[in-house]
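One structure below.
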Number of protein chains: 2
Amino acid sequence: MKNLPHKTIERLSQYRRALLICAAKGKTHIFSHEIAKIQHITPVQVRRDIMLIGYTGTLRKGYNVQELIDLIGDIIDTKEGLNVAVVGIGNLGHAMINYFNGKRTKLSIVAAFDNNPDKIGRVFSGVRCYHIDEMAGIIKQDNISIGIITVPAGSAPEISEKLVESKIKGILNYTAKPVNVPNQIYLEEYDMITSLEKVAFFVKTHISDNS
Amino acid sequence: MKNLPHKTIERLSQYRRALLICAAKGKTHIFSHEIAKIQHITPVQVRRDIMLIGYTGTLRKGYNVQELIDLIGDIIDTKEGLNVAVVGIGNLGHAMINYFNGKRTKLSIVAAFDNNPDKIGRVFSGVRCYHIDEMAGIIKQDNISIGIITVPAGSAPEISEKLVESKIKGILNYTAKPVNVPNQIYLEEYDMITSLEKVAFFVKTHISDNS
DNA sequence: GAAAAATTGTTAATTATTTAACAAAGAGTT
DNA sequence: AACTCTTTGTTAAATAATTAACAATTTTTC
């Protein structure tokens with residue numbers, strides 16, 4: 001169980017989300033093919049992922065929903081939780097904060113940063129916005145481990161540098177501009193234009209090869 | 001050159017973005033290792049991707065920036081372009097529209113849909129918002145091929161169904177809830193919580209194995 | 001003009017991920 | 001109690017993606 005594949009990690013997060021919904025509906029057990037259906041993947045893949053984390057279901061009854069939720073939590077969460085900051089309170093940053101509001105998770109967005117004076121000091125969906133220059137101080141004070149970059153693409157490198165200086169541990173960069181960070185910092189980049197262009201490509205070539 | 005790997009498609013989109021910036025700066029040629037540096041990948045991978053699309057650089061001079069931009073365009077764009085609609089004008093939908101504004105690309109967001117009466121009829125960053133019930137009509141009339149779902153997770157299945165009925169060809173689902181579509185429709189799903197949980201996991205296990 | 005350095009293009013090897021195959025075993029059926 | 005069906009867990013095979021290795025060739029340097 002030492003080295004889980006990256007893809008498995010992603011799926012575990014998704015399984016958990018689906019399982020929480022099932023639990024809320026009062027479902028106590030679930031089959032691999034049911035999870036698979038929800039996630040549009042194969043039952044084998046679900047079973048294999050679950051095998052990798054060392055959980056065992058009951059033959060002909062499936063997996064215990066709550067146990068599986070808890071186990072996934074043990075794997076992907078930290079006990080104490082991690083604090084997160086959003087840098088850039090535009091629409092995207094705001095969406096990010098809203099997204100998390102109410103989601104009970106071990107990840108909490110505890111601060112936001114921007115350089116627009118109109119935003120400094122205001123509280124957005126429960127998250128206070130500070131000036132970017134206060135970043136190092138707040139990140140230390142609030143023990144923030146992860147920074148989400150949602151500024152305009154042009155400012156991304158500068159922001160990422162500031163996050164690095166502030167001793168951040170992980171960065172999620174949502175701008176179209178790739179940033180460079182020392183490699184003890186975990187960096188994940190995602191860009192919506194690429195995704196849309198990818199969809200466009202497959203629409204163009206009318207390949208329909210996803211489940 | 002028939003079957004490009006999915007990952008290559010994504011990278012081509014990213015290369016092009018980087019190349020456009022280079023071109024704007026007046027750079028006429030670029031080496032594989034320069035592109036690699038920008039994208040944090042290896043030069044071999046860049047060369048291999050470029051090989052796959054059948055382009056050939058000049059030994060010791062690198063690739064012609066403009067030619068490469070044009071060729072990538074031939075591959076991932078359609079000649080006439082494709083029209084896109086955003087469903088759900090919350091922060092995320094709004095971010096999506098802004099993101100695209102001014103980006104010269106063969107993809108145009110030409111319509112938005114929402115069910116909030118306050119938004120119907122308004123124009124957001126140049127994109128008119130219609131009621132969700134008008135979807136089928138507008139999608140047909142404006143020849144829209146791709147739908148981006150940015151509604152609250154709970155409404156995703158319903159919206160996706162409406163898009164399918166409207167004969168959409170590709171869907172990009174940004175909600176945390178996976179949707180089911182017939183498989184001649186290309187579906188791409190992305191969910192920010194999963195990404196953030198993934199970063200958290202790798203921060204937790206302080207693995208620093210990305211370039 | 002020979003040698004060294006740089007850089008592409010490509011095949012082969014490696015690694016990562018998914019899928020197939022199937023044994024094992026519980027539950028229901030006759 | 002034998003038979004059938006279902007579903008898990010796991011090994012093996014297949015597929016996909018990345019990386020290594022290196023020949024070929026142009027430019028630069030001596």
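Numbered from 1 within each chain, the chains take letters A, B, ... in sequence-line order.
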Give me, pair by pair, the N or O atoms of the protein and of nucleotides 15-22 of chain D that are less than 3.5 Å apart, along with how far apart they are.
unit_1	atom_1	unit_2	atom_2	d
D/dT18	OP1	B/Arg11	NH1	3.2
D/dT18	OP2	B/Arg11	NH1	2.9
D/dT18	OP2	B/Arg11	NH2	2.9
D/dT18	OP2	B/Gln45	NE2	3.0
D/dT18	O5'	B/Gln45	NE2	3.3
D/dT19	O4	B/Arg48	NE	3.2

Relative to the ring of [Y], is the ring of [X] parallel (under 30°), tilted (30 to 60°) or perpendicular (over 60°)?
X	Y	answer
B/Tyr130	B/Phe113	tilted
B/Tyr63	B/Tyr55	tilted
B/His6	B/Tyr186	tilted

Show your working on side chain to side chain donor-acceptor pair (under 3.5 Å) between B/Arg17 and A/Thr194 and close with a plain yes or no. CA-CA 9 Å; B/Arg17 223 101 44 63; A/Thr194 292; 2.7 Å; yes
Whole Å only: how far is the [atom1] atom of [X] from the [atom2] atom of [N]?
X	N	atom1	atom2	result
A/Met51	D/dT10	CE	P	6 Å
B/Lys61	D/dT25	NZ	P	18 Å
A/Leu59	C/dA25	CG	C1'	5 Å
B/Lys37	C/dT7	NZ	P	14 Å
B/Glu67	C/dT8	CD	P	15 Å
B/His33	C/dG9	NE2	P	14 Å
B/Leu68	C/dT8	CG	P	12 Å
B/Ile35	C/dG9	CD1	P	11 Å

Residue mapping more 5' on DNA chain D - nearest nucleotide basis, B/Thr58 or A/Tyr55: A/Tyr55
Does B/Thr56 place a side-chain N or O at less than 4.0 Å from the phosphate oxygens OP1/OP2 of C/dG9? yes
Side-chain N or O of A/Ser32 versus OP1/OP2 of D/dT7: is the shortest distance under 4.0 Å? no
Which nucleotide in the set C/dA6, C/dG26, D/dT7 lies at the smallest distance from any side-chain heavy atom of A/Arg60? C/dG26
What nucleotide, of C/dT8, D/dT6, D/dG9, holds the atom closest to the side chain of A/Tyr63? D/dG9
Distance check, rounded to the nearest 0.5 Å: B/Glu189 atom CD versus A/Gln39 atom CD? 8.0 Å
Test A/Ile30 against every option in A/Val46, A/Asn64, A/Leu19 by the side-chain contact (heavy atoms from CB on, under 4.5 Å) rule and name the one that passes. A/Leu19
Close side-chain approach of A/Ile109 to A/Phe124, heavy-atom, < 4.5 Å: no
